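Only a predicted model underlies this, so the values are computations on that prediction, with no experimental measurement involved. All heavy atoms count here, side chains included; hydrogens, waters and symmetry mates do not. Residue numbers count from 1 along this sequence.
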Amino acid sequence: MSRKPVPARLGERSRTELVFDRPQALALLFGQYDQNLVALENRLGVYITARGNRIGLEGTAEQVALARDVLQDLYSRVERGEPVDTGLVDASIAMAAEPTLDGIVSAEGQRGPGIMIRTRKKTIVPRTPAQAHYMRELVGNDMIFALGPAGTGKTYLAVAQAVAQLITGSVQRLILSRPAVEAGERLGFLPGDMKEKVDPYLRPLYDALYDCLPAEQVERRIASGEIEIAPIAFMRGRTLGDAFVILDEAQNTTPAQMKMFLTRFGQNSRMVICGDPNQVDLPGGVAASGLADAVRRLEGLEGIAMSRFTAADVVRHPIVGRIVEAYEGPNA
């Protein structure tokens, strides 16, 4: 692909033409009814024309430069076989606006043009600068705290990284845990054996696993013990060595539970603690959240990283980000 930019000073109108080598890939780039181009026009305020293998961009110099970078990124994704949708358009805009993300290490520890995590079912790339930072921390640190609202990919990316390391043999098992605390409800007695009682609390972890591995592999690895999914109460007295360990919904632990969990850390292990400090569901009268207590005590210690997300990093439907801002903003 080549481009023929028209020089312009910042703030002036600018025109640029992009020429793509594979016109047949443009249908995937444009999306159904050109929805990806429409999204790009609306987000950046540029005017886009398409003829054959050429795309024309018109707008201010800064708008055109950003739109050009986004189109080049999306085209490269199409060439790699990645699906492109309006969500990825938004993600690419956010990434193109972040100048520090070039040449960082991949999930496998290799240096390359960007970050990615490869699992059996998909290749996962960051959709916001905060996700890119988080994915880099997942590679470079032994213990990572991921803090922020729901929908920012904290647990999903941790599970994907864990699956990638299990596939490559970097760790021998995955241990996924969360506290069995209800979200402001009292469900009372639940029928069934222990697994049937706790599985509803652990469903988000199962969902992430099934998105990264074929179902038969998930079931086989759970049966063999390579993947373990259990409430935090089951961690007491153990040493979790040679494992990738994830604690989800960590804001619903007590300080004593959090200390117990963190001190399970063993040799050749990695531990990720995910939680939203603003969504604590601990019952009244219980001590302060173990997540907030751990962050206060451990931030700045060598080998422990903190990745923080905001409503701007929500990668679900855009309205979710606006809802988070409404509940946590200055008028909350």
- [ ] Applying ring pair (Phe, Tyr, Trp, His ring centres under 6.0 Å), name anything that partners Tyr134, two or more places apart in sequence or on another chain.
- [x]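 With sequence neighbours excluded, Tyr134 shows a ring pair (Phe, Tyr, Trp, His ring centres under 6.0 Å) to Phe309, given in chain and number order.
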Open item on the list: Quick check on Arg296: does its CZ atom have over 12 non-hydrogen neighbours (other residues, nucleotides or ligands) under 6.0 Å away?
Closed with: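 Above 12, so yes.
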Ignoring hydrogens, what is the shortest heavy-atom contact between [X] and [Y]? Give both atom names and the distance.
| X | Y | value |
| --- | --- | --- |
| Ile48 | Glu41 | N-OE2, 2.8 Å |
| Ser14 | Val64 | O-CG2, 3.6 Å |
| Pro255 | Asp293 | CB-OD2, 3.8 Å |
| Pro149 | Ala311 | CG-N, 4.0 Å |
| Arg270 | Asn141 | NE-O, 2.9 Å |
| Gly237 | Arg264 | N-NH1, 3.6 Å |

Report yes if some heavy atom in the side chain of [X] is under 4.5 Å from a heavy atom in the side chain of [Y]; otherwise report no.
| X | Y | value |
| --- | --- | --- |
| Arg136 | Gln131 | no |
| Phe244 | Ile175 | no |
| Pro277 | Gln251 | no |
| Glu216 | Val218 | no |
| Leu66 | Arg68 | no |
| Phe145 | Leu291 | yes |
| Cys274 | Glu249 | no |
| Leu40 | Val70 | yes |

Just how far is it from atom [atom1] of [X] to atom [atom2] of [Y], taken to the nearest 0.5 Å?
| X | Y | atom1 | atom2 | result |
| --- | --- | --- | --- | --- |
| Ile55 | Phe20 | CD1 | CZ | 4.0 Å |
| Gln24 | Leu29 | CD | CG | 12.5 Å |
| Ile273 | Leu262 | CD1 | CG | 5.0 Å |
| Arg178 | Phe261 | CZ | CZ | 12.5 Å |
| Ile227 | Leu205 | CD1 | CG | 11.0 Å |
| Arg15 | Thr49 | CZ | OG1 | 10.0 Å |

When you measure from the side chain of [X] to the backbone of [Y], do you find a donor-acceptor pair of N or O atoms at a distance under 3.5 Å?
| X | Y | answer |
| --- | --- | --- |
| Gln35 | Asp85 | no |
| Asp276 | Asn278 | yes |
| Thr310 | Ala312 | yes |
| Arg54 | Ala50 | no |
| Gln63 | Leu44 | yes |
| Arg308 | Leu147 | no |
| Thr119 | Val163 | no |
| Thr16 | Leu57 | no |
| Gln257 | Thr253 | no |
| Ser269 | Asp242 | yes |

Task: Hydrophobic cluster identity match, Val38 and Tyr33, side-chain contacts under 4.5 Å - done: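 In one cluster with Val38: Tyr33, no.
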Task: Cluster overlap Tyr210 with Ile124, hydrophobic side-chain contacts below 4.5 Å - done: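 Same hydrophobic cluster.
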Between [X] and [Y], is there a side-chain N and carboxylate O pair less than 4.0 Å apart?
| X | Y | result |
| --- | --- | --- |
| Glu228 | Arg221 | no |
| Arg173 | Glu226 | no |
| Lys154 | Glu137 | no |

Task: side-chain contact (heavy atoms from CB on, under 4.5 Å) evaluation trace for Asp248 with Leu176 - done: CA-CA 8 Å; Asp248 193 26; Leu176 312 178; over 6 Å; no
Task: Polar side chain donor-acceptor pair, Thr168 to Gln165, under 3.5 angstrom - done: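 Note: Thr168 and Gln165 side chains miss the donor-acceptor criterion.
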Open item on the list: Testing the 3.5 Å rule here: is there a donor-acceptor pair between the side chains of Gln217 and Glu219?
Closed with: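 Checked: Gln217/Glu219 side chains show no N/O donor-acceptor pair below 3.5 Å.
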Open item on the list: Pair Val272, Gln161 - check side-chain contact (heavy atoms from CB on, under 4.5 Å), show working.
Closed with: CA-CA 10 Å; Val272 183; Gln161 177 67 23; over 6 Å; no
Open item on the list: I'd like to know whether Thr152 forms a side-chain hydrogen bond (donor to acceptor under 3.5 Å, both in side chains) with Asp313, so could you lay out the CA-CA distance, the side-chain angles of the two residues, the decisive distance to 0.1 Å, and finally the verdict.
Closed with: CA-CA 5 Å; Thr152 51; Asp313 301 305; over 6 Å; no
- [ ] Could you walk me through whether Leu247 and Met258 pass side-chain contact (heavy atoms from CB on, under 4.5 Å), step by step?
- [x] CA-CA 10 Å; Leu247 175 62; Met258 179 63 77; 4.2 Å; yes
- [ ] Under the side-chain contact (heavy atoms from CB on, under 4.5 Å) rule, what do Val46 and Thr60 come out as? Steps first, then yes or no, please.
- [x] CA-CA 8 Å; Val46 293; Thr60 66; over 6 Å; no
